[in-house]
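Below is one structure, written out as structure tokens; comments come after it.
Within every chain, numbering begins at 1; the chains are lettered A, B, ... in the order of the sequence lines, protein sequences first and strands thereafter.
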Amino acid sequence: MLDSVSHNAYLPNTMICEPLMSWSEFFGTMEENYNPFDHQIDNDKACLRKGSIKSQEFQSHNRTSLQSSHLWEFVRDLLLSPEENCGILEWEDRDQGIFRVIKSDALAKMWGQRKKNDRMTYEKLSRALRYYYKTGILERVDRRLVYKFGKNAHGWQDSKL
DNA sequence: CCTCACTTTCCTGCTT
DNA sequence: AAAGCAGGAAAGTGAG
């Protein structure tokens, strides 16, 4: 697993933005019969292409890698990297760790990319998020698409490492 | 091979 | 009516 990480470090800069050309095709064929709103698709596709597993260790903050194996870390890192985020997630209250999912489908798709699972949906992703309430990684917020980091989540406060 | 934590999948019912 | 939310149940997965 260290291989795949260090592997990217050796790539020339020109490769960084398009490490996985197959995915754009993958989504091109996949979303055709999935979403009727074409302009939205184009947006998300561009976003997903851009936000795929690129640019890790050379980023300003190291932990912002989108490489994390756990869902909450993936979400946290997405929140912390506006470049990849593309308006998928947004802070609602930065200090309290409250955030909102703006594009639920895009988020699911992106998580699916990370896990190489093209059947991921927001419905299923959100089930996984709900399990985090138990463990204190997330706290419940009674607003649609709004979540809050809990006591046992770390690394989301920008100031402290 | 087994166990454990985490995640995925599916489902029923409820809320916005 | 569509999209989210709540969790239970059960299967899948990867690490150790």
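- The distance from atom CZ of R114(A) to atom P of dT8(B) is 10 Å, rounded to the nearest whole Å.
- For dT13(C), the OP1/OP2 oxygens have no side-chain nitrogen or oxygen of N117(A) closer than 4.0 Å.
- Checking the phosphate oxygens (OP1, OP2) of dT7(B), a side-chain nitrogen or oxygen of Y132(A) falls inside 4.0 Å.
- Not one side-chain nitrogen or oxygen of R130(A) sits closer than 4.0 Å to the OP1 or OP2 atom of dC6(B).
- Not one N or O on the side chain of K109(A) forms a donor-acceptor pair closer than 3.5 Å with the backbone of S104(A).
- The phosphate of dG4(C) (OP1 or OP2) has a side-chain N or O of S104(A) nearer than 4.0 angstrom.
- Aromatic rings from F149(A) and F99(A) are positioned such that their centres are separated by under 6.0 Å.
- Nearest to the side-chain atoms of Y131(A) among the listed nucleotides dA6(C), dC10(B), dG8(C) stands dG8(C).
- Where K134(A) and V146(A) meet DNA chain C, the nucleotide closest to each residue was compared, and V146(A) sits on the side nearer the 5' end.
- With a 6.0 Å cutoff to the six-membered ring centre and a 45° limit on the axis angle, R127(A) counts as a cation-pi contact of Y131(A).
- Nearer the 5' end of DNA chain B, as judged by each residue's closest nucleotide, is the contact made by E123(A), out of R144(A) and E123(A).
- Residue W111(A) is in sugar-phosphate contact alone, with no base atom involved, counting any heavy-atom pair closer than 4.0 Å across all strands shown.
- K103(A) places a side-chain N or O within donor-acceptor distance of the main-chain N or O of C86(A), the cut-off being under 3.5 Å.
- Among the heavy atoms of the strands, none lies under 4.0 Å from F74(A).
- Between E92(A) and K148(A) there is no salt bridge, since none of the side-chain N atoms of the basic residue sits less than 4.0 Å from a carboxylate O of the acidic one.
- Backbone-only engagement by Y122(A) is indicated by non-hydrogen atom pairs under 4.0 Å involving sugar-phosphate atoms exclusively.
- Between the CD atom of Q113(A) and the C1' atom of dT8(B) there is a distance of 18 Å, rounded to whole Å.
- K115(A) has its NZ atom 12 Å from the C1' atom of dA5(B), to the nearest Å.
- Partner assigned to dT8(B) is dA10(C), using Watson-Crick or G-U wobble distances below 3.5 angstrom.
- The phosphate of dT8(B) (OP1 or OP2) has no side-chain N or O of K124(A) nearer than 4.0 angstrom.
- Atom CZ of R100(A) and atom P of dC5(C) are 11 Å apart (whole Å).
- In this entry the distance linking CG of D118(A) with C1' of dT9(B) reads 14 Å, nearest Å.
- Side-chain N or O atoms of S81(A) include none that pairs as donor or acceptor with a backbone N or O of E84(A) at under 3.5 Å.
- Which of dT9(B), dG4(C), dT7(B) sits closest to the side chain of R127(A) comes down to dT9(B).
- Look at NE2 on H70(A): it is 11 Å from P on dT8(B), rounded to the nearest Å.
- Per the geometry, CD belonging to E139(A) stands 17 Å off P belonging to dC5(C), to the nearest Å.
- When each of dT9(B), dT7(B), dT15(B) is scored by its nearest atom to the side-chain atoms of A128(A), the top-ranked nucleotide is dT7(B).
- Using a 4.0 Å heavy-atom distance criterion, L145(A) is classed as a sugar-phosphate-only contact.
- Taking atom CG of residue L107(A) and atom C1' of nucleotide dG4(C), one finds them 14 Å apart after rounding to whole Å.
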